[in-house]
Novice: 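Supplied in structure tokens, the structure appears directly below.
We use all heavy atoms of the structure for the numbers below, so side chains are in, but hydrogens, waters and symmetry mates are not.
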Amino acid sequence: MHRWLVALNNRQLGDASLTTAEGEASPGDLVRVTLHGRKLKGIVLKETDTRTSHTFEILESNYAPSWLIWQCLQVLEEYPINCFELLELGKNWKERPRTFIQLKAFNYVPVGTKEKELVKLLREKPLELTNAVMRKFKVQIESFLSLGIVEKVVVPPASYALTYARLEKPSLFVPNHLYEKFAHRPLPLIFWKKLLGHWTVEKLKEEEALILELHVLSSMKLPVDRNMPRQEKPPTTLEELPPYLRNLLEKGEKTLLVFPSLQMARGFAREILKHKLPAILDSGGYTRFLQEACSSKGGGLIIGTPRSVLRPWNNLMHIITVFEKPEDLAIRTASQRLPLSKFIPKDTQVHAVYPQPTTKVQLVSMAGRKDVEVLAYIKGVHDPTKRQLFLVNRLGFSTSVQCKNCGYILTCPECGTPLRYHRRSKRLECHRCGYIASIPDKCPRCESLSLEPSGLGIERLELQLGKKVLRSVKDLDHDTVISTTKVFRYLPKRTFDESYYISVDADLSSPVLIPEKKFLRNINYLKVWTKTEGYVFVLSRDIERLKSLINEGESIITENVKQMGLPPFGHYIELESSEQQLSFIDAVVWGPVYYPRKKTYKYFLISANPPKAVLKEALTKISFVSFDTF
């Protein structure tokens, strides 16, 4: 009898449940393990020498693909495996072929209401024949097929694809704060299922509030522009990238271009088609063009996000990351954030296009100025004849509400964070734990009526300048753009004459691990978005600190990491448990912080050791785990 390491789907013990069991199996088999009188499903990972008394029975052979098992084993020594998600991946691998219909006769004039609705959907993109679609349009689809107006496209399950979905409109099934936070963002379907539940997701699909993404940008049959210049050395700017990609395509080498966000990937894909370079956009949906790109041994160009690295590419020669270094990018799952470098194949060459623009940064002192005076200054520099970008990385109207009589600040009763005032919804929100409250009429401490907003939020600047904040990529065509760091998800079509970074002091005091690192990233992006002869104006009440940060940024970040007692690469772990007393190995622990609403405790840890080693004793009592690597 052989002993095997098995990943269990046991949500009571946490998503990262591992055990050893005896039996005859092979990696990737779906088994049922008898554990302490309970029968749990699991997937066989690898053979081990650990003694055990547990046994299993095989339910299905080759349930999960070998490449998926290999990738999980790469991170097994350092990170807990999300076993529930692993089972979902295996399920998707064995999924039946997906059938789509696409419009064939574009000159057809629909008759009835349902026919008009169906034709409208088909003109936007191919439509998958799900049970909900068949129940609604069965008669119309059969009629269209008999008349030859549409044609069927069957996509066989040749590779794993994590389907993405967008929440397009409000619904009674989705709370308002979740809609405001996640609306119109393409997120993995498994994320929506974990956040809202499987039943709710199905209802949202029927309401057409949750739209599954299927984007086919281009096939691999477009001709390469021979008039384009050749560039064989690795590029350092975005402008040098198309000639370099053309050179790789001529050599017949398959290349994956990784952007930090899907909006950036879409923008560059449209630009690169103008150069007549064949490209496929990996937007999370599964298409036959993507299937051909995965299985083909020849060259090709694929544009996607960090998750695109998970595809089972055949003979992938190059991975190029744009705007971010490979070590800074990560693959986000429902409960984890895994470094991209852990999933890159050994034989693949990795290169980063990290533009270093020469736009000048000018510091503007706001020392001694109140919020009203800062707003007056911004209104004074606002020039409608120039293209200007105002970056306020703070949602809501103000970052807090303070009593002018006694100085009391309204805080969250659950986690102690200052509550932010949202003018549109007319309520107070905690951006840490999600607590929501109405605005009190008087101060809870001195009962004074002098409660006033304190701090600058994006809604406050929107009211001051009389301009709407950025909501979609179309708003980037305006001369005045007010936005959070959401603007950095897109590619700069037209650069700005001036950029103003307003929320610097709040960003540097935010409760993140190394806020200086995010500050320097925002400055670099602002330079990319601003003309070379333009300026990036940074408004701050502490100019001296910013001068040293801009001049000695990397050394300051390294020093901060050393002060935390970490080597250049360490682990920041955030976990939630129902137990108040937990023991950890070689870790700096903050907490526990008690959350009355959930009746759980939250811990924050920093350690140089891998998370699996730190959480060894507490692993079975943890309900939520997330971590970051720096």
Side-chain angles (χ1 to χ4, degrees), residues 217-218 220 222-261 264-282 293 296-306 308-309 311 313-330 339-360 488 490-495 520-521 523-533 553-554 568:
L217 184 69
S218 165
M220 302 294 284
L222 290 176
V224 177
D225 188 359
R226 298 293 175 183
N227 297 322
M228 232 176 127
R230 179 189 297 271
Q231 181 182 350
E232 297 190 5
K233 64 178 182 178
T236 55
T237 63
L238 203 62
E239 291 74 19
E240 297 175 356
L241 192 53
Y244 181 70
L245 295 175
R246 170 188 175 269
N247 184 44
L248 296 180
L249 284 169
E250 287 185 345
K251 290 181 179 179
E253 298 176 352
K254 190 179 295 184
T255 305
L256 174 62
L257 206 61
V258 178
F259 283 84
S261 69
M264 273 191 180
R266 283 176 179 156
F268 186 75
R270 294 188 187 98
E271 291 297 321
I272 208 166
L273 284 180
K274 296 177 182 178
H275 296 287
K276 297 183 180 179
L277 292 176
I280 287 182
L281 176 66
D282 181 9
S296 67
K297 295 182 179 180
L301 174 61
I302 304 98
I303 304 172
T305 59
S308 301
V309 178
R311 303 281 190 187
W313 303 112
N314 190 348
N315 196 29
L316 183 62
M317 300 293 292
H318 302 276
I319 293 179
I320 302 175
T321 62
V322 186
F323 289 111
E324 295 282 350
K325 298 176 182 177
E327 56 268 21
D328 292 336
L329 284 171
L340 179 69
S341 56
K342 294 291 178 182
F343 293 92
I344 296 176
K346 296 179 181 179
D347 299 332
T348 304
Q349 296 182 12
V350 185
H351 179 69
V353 178
Y354 195 66
Q356 297 292 338
T358 57
T359 308
K360 296 178 182 178
F488 299 146
Y490 306 100
L491 275 181
K493 292 182 181 179
R494 290 194 301 158
T495 52
L520 292 175
R521 176 181 177 272
I523 290 292
N524 188 68
Y525 270 122
L526 283 172
K527 288 182 179 181
V528 174
W529 275 91
T530 310
K531 292 180 179 178
T532 308
E533 63 274 11
E554 294 296 330

Novice: Going from NZ on K527 to OG1 on T358, what distance comes out if it is rounded to the nearest 0.5 angstrom?
Specialist: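 Rounded to the nearest 0.5 Å, the NZ-OG1 separation comes out at 8.5 Å.
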Novice: For residues V258 and P306, report the shortest heavy-atom separation together with the two atoms involved.
Specialist: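 Smallest heavy-atom distance, with atoms named: CG1-N, 3.6 Å.
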Novice: Answer yes or no: is there a side-chain heavy-atom contact under 4.5 Å between V322 and F268?
Specialist: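 No, their side chains stay 4.5 Å or more apart.
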Novice: Tell me the closest heavy-atom pair linking F323 and Y354, and the distance in Å.
Specialist: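 Heavy atoms of F323 and Y354 come nearest at O-CE1, 3.3 Å.
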Novice: To the closest 0.5 Å, what do you measure between OH (Y244) and CD1 (I320)?
Specialist: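 The CD1 atom of I320 is 5.5 Å from OH of Y244, to the nearest 0.5 Å.
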Novice: Taking all atoms of both residues into account, what is the closest heavy-atom pair of P326 and L340, and its distance?
Specialist: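 Answer, listing the atom of P326 first, then L340: O-CB, 4.1 Å.
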Novice: Within this structure, what is the OG1-CG distance for the pair T321 and D328, rounded to the nearest 0.5 Å?
Specialist: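 Nearest 0.5 Å value for the OG1-CG distance: 9.0 Å.
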Novice: Could you check whether any side-chain heavy atom of R266 comes within less than 4.5 Å of a side-chain heavy atom of L281, counting everything from C-beta outward?
Specialist: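 Yes, their side chains come closer than 4.5 Å.
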Novice: Below 4.5 Å, heavy atoms only, C-beta onward: do L256 and D282 meet side chain to side chain?
Specialist: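 No, side chains not in contact.
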Novice: Is a side-chain donor or acceptor of K254 paired with a backbone partner of N314 at a separation under 3.5 angstrom?
Specialist: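 Yes; judged by distance alone, with no hydrogens or angles, the pair exists.
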Novice: Of the non-hydrogen atoms in H318 and L248, which two are nearest, and what is the gap between them?
Specialist: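 Residues H318 and L248, closest heavy atoms: NE2-CD2, 3.7 Å.
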Novice: Would you compute the distance between atom OG1 of T255 and atom CG of L316 and round it to the nearest 0.5 angstrom?
Specialist: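 Here the interatomic distance stands at 7.5 Å.
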Novice: Nearest 0.5 Å, please: how far is CG in L329 from CD1 in I319?
Specialist: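 Between I319 CD1 and L329 CG, I get 11.0 Å after rounding to 0.5 Å.
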Novice: Run L238 and V528 through side chain to side chain contact (heavy atoms under 4.5 Å, CB included) and show every step you take.
Specialist: CA-CA 10 Å; L238 203 62; V528 174; over 6 Å; no
Novice: Nearest 0.5 angstrom please: R270 CZ to I303 CD1, how far?
Specialist: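 That separation rounds to 11.0 Å.
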Novice: Counting only heavy atoms not in K251, do more than 12 fall under 6.0 Å of its NZ?
Specialist: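 Enclosed: over 12 neighbouring heavy atoms sit under 6.0 Å from NZ of K251.
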Novice: Counting N and O atoms only, with roles assigned by atom type, does the side chain of T305 sit under 3.5 Å from a partner on the main chain of S261, one being a donor and the other an acceptor?
Specialist: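 Judged by distance alone, no pair lies under 3.5 Å.
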Novice: Would you name the heavy atoms of Q356 and N524 that are closest together and state the gap between them?
Specialist: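 Heavy atoms only, the tightest pair is OE1-OD1, 3.9 Å.
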Novice: Could you check whether any side-chain N or O of W529 sits under 3.5 Å from a backbone N or O of F488, counting only pairs where one atom can act as donor and the other as acceptor?
Specialist: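 No, the answer is negative, given that no donor and acceptor are paired below the 3.5 Å cut-off.
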Novice: Nearest heavy-atom pair of E240 and P235: which atoms, and what distance?
Specialist: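 In this case the closest contact between E240 and P235 is OE1-CA, 3.5 Å.
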